[in-house]
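Structure record follows, encoded as structure tokens.
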2 protein chains.
Amino acid sequence: MAQKNKLQFIILGLLNQQPLTGYDLTKAFDTEIGEFWQAQHSQIYPQLKRLEDQGYITHEITISGAKLEKKLYHITATGTALLSSWISDGTPDLTATKDEFILKLYFIQNNRDPRLPGMLQEQLALHTGKLAHLKQRLTTVFPTKASQTENYGHFLILQHALGRETYYVDWLKQTLQQISKKR
Amino acid sequence: MAQKNKLQFIILGLLNQQPLTGYDLTKAFDTEIGEFWQAQHSQIYPQLKRLEDQGYITHEITISGAKLEKKLYHITATGTALLSSWISDGTPDLTATKDEFILKLYFIQNNRDPRLPGMLQEQLALHTGKLAHLKQRLTTVFPTKASQTENYGHFLILQHALGRETYYVDWLKQTLQQISKKR
DNA sequence: GCGAGCATGTAAAAGGTTACATGATTAG
DNA sequence: CTAATCATGTAACCTTTTACATGCTCGC
């Protein structure tokens with residue numbers, strides 16, 4: 001197995017909250033889940049078919065407008081069981097974060113390398129933007145204390161992502177300061 | 001392209017520091033680079049062949065003992081040029097961190113879910129261990145202030161990883177405290 | 001001598017991205 | 001009417017993992 005097919009569990013998890021179409025699922029990877037996993041529709045549609053063949057989900061066809069067919073997928077009892085077992089199973093593997101920028105940094109041996117400031121600044125802009133985006137999402141999706149406990153998992157991962165980005169931005173700023181002293 | 005073949009640049013970057021064998025390169029992914037990228041020897045050997053065909057690296061054969069042939073790879077002038085252009089190019093894509101645990105968390109809607117404490121504790125143990133490992137590496141690889149500037153990129157990414165793990169551990173502890181209040 | 005680690009490769013399978021393809025709906 | 005978005009699917013390609021396969025060296 002290349003990575004134990006986590007996509008199937010994500011789909012089951014989303015369908016466990018409410019019935020969705022393949023299109024809906026695809027969109028979820030741009031917003032909710034996008035922070036921690038990515039998948040394209042070309043990967044989702046075949047996976048839906050496989051999950052249905054295995055009996056973990058079913059679909060009903062609804063018609064939008066005159067004749068546009070939508071496949072609305074539902075999770076089955078065996079599907080929720082599979083989802084549960086995945087969540088309950090241990091998660092002992094800490095996957096390496098594949099960060100291309102960090103990789104490039106590794107190959108810059110000299111702290112007075114002229115490319116360093118520009119590279120750090122580019123990342124600072126990117127991560128500052130992402131941080132702002134996350135802050136806004138956290139306040140719009142979870143405006144009240146009560147709303148945070150309603151969908152606790154979602155709240156937690158947003159909060160986690162926010163903290164992570166905060167650290168990243170701080171580290172970039174600190175590193176920029178460090179190199180400015182040394183030139 | 002599935003991901004723009006970053007492996008080739010990592011190999012070039014490592015060979016730019018010193019000539020290495022495929023075996024040496026493979027080991028580098030367990031230690032130095034392992035924090036930010038992973039690759040197996042089955043991916044490295046074919047990549048070396050491709051890089052050599054394209055003229056970015058060459059190899060010389062050395063003999064260990066009686067007849068064990070080692071291929072010691074060197075980077076060429078066009079190789080260093082390619083490496084430079086990769087580093088100089090912008091890095092505008094922030095790849096999503098694929099963290100299976102965070103994913104599972106997302107699907108736990110209730111903050112009194114009985115599985116939560118155990119899951120958080122398991123991760124706390126894992127990340128605490130990793131943090132300790134990183135701390136030790138930082139002090140053994142870079143014991144003095146002077147040594148830090150010698151291989152600045154390596155120092156930076158170790159420091160970054162350390163900070164990231166510190167945040168992760170703190171967040172886990174904080175979350176554990178949060179849920180203990182609510183039960 | 002023997003086992004751990006050195007050393008190099010190929011093959012098969014799975015996961016993931018980009019491109020190709022088509023058609024319907026809805027808001028302006 | 002027309003462009004953006006909804007909606008579903010397949011094909012080709014690349015990356016990555018796991019498994020298969022072989023042989024040497026060195027310390028004990």
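Because the structure is predicted, anything quoted here is derived from the model rather than measured. All chains are named by letter (A, B, ...) in the order of the sequence lines, taking the proteins before the strands, and each is independently numbered beginning at 1.
- When rounded to the nearest whole Å, the span between CD1 of B:I10 and P of D:dT15 equals 12 Å.
- In terms of phosphate contacts, A:Y23 brings no side-chain nitrogen or oxygen within less than 4.0 Å of OP1 or OP2 of D:dT8.
- Contact annotation: A:K98 reaches the phosphate of D:dT16 (side-chain N/O to OP1 or OP2, under 4.0 Å).
- Between the A:S180 side chain and the A:Q177 main chain, a donor and an acceptor come within less than 3.5 Å of each other.
- Here A:F155 and A:F142 bring their ring centres to under 6.0 angstrom of each other.
- As a whole-Å value, the separation of A:K6 NZ from D:dT17 P is 10 Å.
- Dashed line: the shortest gap from a side-chain N or O of B:Q40 to OP1 or OP2 of D:dT16 is not under 4.0 Å.
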* To do: Go through the steps to decide whether A:R164 and A:E35 satisfy the test salt bridge (Lys or Arg N to Asp or Glu O under 4.0 Å), and finish with yes or no.
  => CA-CA 11 Å; A:R164 193 185 49 180; A:E35 208 57 51; 3.8 Å; yes
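- Put simply, CG on B:L25 is 12 Å from P on C:dG9, counting in whole angstrom units.
- Listed nucleotides: D:dA19, D:dG9, C:dA7. Nearest to the side chain of B:K70: C:dA7.
- In this model, the phosphate group of C:dA7 is not approached by any side-chain N or O of B:T26 to a distance below 4.0 Å at OP1 or OP2.
- Looking only at distances, no side-chain donor or acceptor of B:S84 sits under 3.5 Å from a matching main-chain atom of B:A81.
- Atom NZ in B:K27 sits roughly 11 Å away from atom P in C:dT8 (whole-Å rounding).
- Ranking C:dG23, D:dT16, D:dA19 by closeness to the B:W37 side chain, first place goes to D:dT16.
- When the side-chain nitrogen and oxygen atoms of A:K67 are compared with OP1 and OP2 of C:dT25, none of them lie within a distance under 4.0 Å.
- Nearer the 5' end of DNA chain C, as judged by each residue's closest nucleotide, is the contact made by A:Q43, out of A:Q43 and A:A66.
- One atom, CD of A:E60, and another, P of D:dT8, lie 13 Å apart when rounded to the nearest Å.
- Take the nearest nucleotide of DNA chain C for A:Q38 and for B:Y45: the residue whose nucleotide is more 5' is B:Y45.
- One finds no salt bridge joining B:R115 and B:E122 here, because no Lys/Arg side-chain nitrogen approaches an Asp/Glu carboxylate oxygen to under 4.0 Å.
- In this model, the phosphate group of C:dT8 is not approached by any side-chain N or O of B:K49 to a distance below 4.0 Å at OP1 or OP2.
- Going from atom CG of A:L20 over to atom P of D:dT8 covers 11 Å, rounded to whole Å.
- One interatomic measurement links the two molecules: CD of B:Q8 to P of D:dT15, which rounds to 8 Å at whole-angstrom precision.
- Counting to the nearest Å, the P atom of D:dT16 and the CZ atom of B:R50 are 11 Å from each other.
- B:S42 contributes no side-chain N or O that forms a donor-acceptor pair with the base of D:dT16 under 3.5 Å.
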